[in-house]
Number of protein chains: 2
Amino acid sequence: MSGTHTGVPSQATPHADRITGDVYHSAPVTGLLRRLGERWTPAVLCLLARRARRFNALHREIDGISQRMLTRTLRGLEEDGLVVRTVFPTVPPSVEYSLSGHGRSLLPALSALMQRPDARRAETHTP
Amino acid sequence: MSGTHTGVPSQATPHADRITGDVYHSAPVTGLLRRLGERWTPAVLCLLARRARRFNALHREIDGISQRMLTRTLRGLEEDGLVVRTVFPTVPPSVEYSLSGHGRSLLPALSALMQRPDARRAETHTP
DNA sequence: CTGAATCCTCTAAGATACTG
DNA sequence: CAGTATCTTAGAGGATTCAG
């Protein structure tokens with residue numbers, strides 16, 4: 001693996017071997033994963049995956065979350081286009097949150113990552 | 001889209017609507033997502049998905065990562081059983097990192113989440 | 001070559017309290 | 001009901017140096 005290096009890092013592959021920090025810094029790939037990695041995001045998405053809910057319903061059903069963090073989580077998901085916020089001009093006001101089409105499209109992958117294979121043990125190295 | 005299946009498909013957990021903070025605090029579900037949400041984890045996994053690599057190879061190919069963060073990221077992935085660390089007792093020592101079976105099993109879901117639908121626009125919610 | 005050890009910064013997250 | 005406004009804390013992330 002030595003001499004064939006032409007000195008040009010040009011990627012022939014669509015998903016180049018070389019991953020620049022820039023790509024991972026600004027690309028939505030990192031953004032979305034970071035969002036999903038936030039403390040309360042999985043809980044909110046799991047609940048909204050079943051049915052749309054109002055703010056207080058989420059607050060009641062997610063044990064331990066503060067109003068502040070629920071708001072921030074929902075705002076973040078809304079910014080990413082995963083959740084839709086619908087305001088009903090009633091008195092008192094009620095706001096309903098639901099998954100967007102995009103959010104819903106992420107559910108299969110998301111639930112796949114939520115399986116718990118308990119595969120903590122290191123496997124034997126297979127060369 | 002496979003599945004006319006609305007609502008949440010999976011979640012092997014039998015219990016339903018109520019999600020306790022305890023579950024999401026200690027369960028591997030949150031742990032894994034948090035791991036994937038870390039800054040450099042996607043980059044490392046993407047590279048290791050192609051082939052096993054040595055420490056310095058990763059350090060060179062992931063632009064902007066520091067040695068400290070590469071070490072921490074790899075240690076974390078190792079703890080979660082997603083990455084296998086193999087030490088070759090050479091001089092100087094060389095260490096090879098590769099995806100474990102568990103780590104490899106996560107790739108489809110992971111790449112699904114890495115698609116960028118550019119669906120930032122809030123869809124017209126029709127109340 | 002592959003890390004570990006320090007030190008520092010920035011922000012996600014938590015705890016209250018207040019409001020249209 | 002559905003938030004916002006502050007304040008504080010814990011830890012992720014970064015820069016640099018040292019070591020087996």
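Values reported hereafter were calculated over all heavy atoms of this structure, with side chains retained and with hydrogens, waters and symmetry mates removed. Throughout, a chain's letter reflects where its sequence line sits, starting with A, and its residues are numbered from 1.
Nearer to the 5' terminus of DNA chain D, by closest-nucleotide assignment, is the contact made by A/Pro93 (compared with the other of A/Thr71 and A/Pro93). The nearest heavy atom of DNA chain C to A/Thr73 and to B/Tyr97 marks one nucleotide each, and the one closer to the 5' end goes with B/Tyr97.
A straight line from CZ of A/Arg72 to P of D/dC7 spans 16 Å, rounded to a whole angstrom. Going from atom CZ of B/Arg85 over to atom P of C/dC1 covers 16 Å, rounded to whole Å. If you measure from atom CZ of A/Phe55 to atom P of D/dA2, you get 8 Å, rounded to the nearest angstrom. Going from atom CZ of B/Phe88 over to atom P of C/dG3 covers 13 Å, rounded to whole Å. The interatomic distance linking A/Glu61 (CD) with D/dA2 (P) rounds to 13 Å, in whole Å. A straight line from CD of B/Glu78 to C1' of C/dT2 spans 13 Å, rounded to a whole angstrom. For the pair B/Arg54 CZ and C/dC1 P, the interatomic distance rounds to 8 Å; values are reported in whole Å. The separation between A/Leu70 atom CG and D/dC1 atom P is 14 Å, rounded to whole Å.
Closest to the side chain of A/Met69, out of D/dG14, C/dC1, C/dA13, is C/dA13. Residue B/Arg75 has its side chain nearest to C/dG3 when only D/dG3, C/dC1, C/dG3 are considered. For A/Gln67, whose side chain is taken as the heavy atoms from C-beta onward, the closest listed nucleotide among D/dG3, C/dG14, D/dA2 is D/dG3. Listed nucleotides: C/dA13, C/dG3, D/dG14. Nearest to the side chain of B/Arg34: C/dA13. Taking every side-chain heavy atom of A/Arg68 into account, D/dA5 is the closest of D/dT17, D/dG14, D/dA5. The nucleotide whose nearest atom lies closest to any side-chain atom of A/Glu38 is, among C/dA13, D/dG14, C/dG14, C/dA13.
Of the inter-residue distances, the one linking B/Trp40 atom CH2 with B/Ile65 atom CD1 reads 5.5 Å to the nearest 0.5 angstrom.
Using a distance-only test at 3.5 Å, with no hydrogens or angles considered, no donor-acceptor pair links the side chain of A/Ser111 to the main chain of A/Met114. Not a single donor-acceptor pair under 3.5 Å links the side chain of B/Arg85 to the backbone N or O of B/Glu78.
Regarding contacts with the backbone of C/dA12, every side-chain N or O of A/Trp40 stays at 4.0 angstrom or more from both OP1 and OP2.
Test B/Leu113, B/Thr41, B/Asp80 against B/Leu36 for side chain to side chain contact (heavy atoms under 4.5 Å, CB included) and you get one pass: B/Thr41.
Using a cut-off of 4.0 Å between Lys/Arg side-chain N and Asp/Glu carboxylate O, A/Arg72 and A/Glu38 are scored as not salt-bridged.
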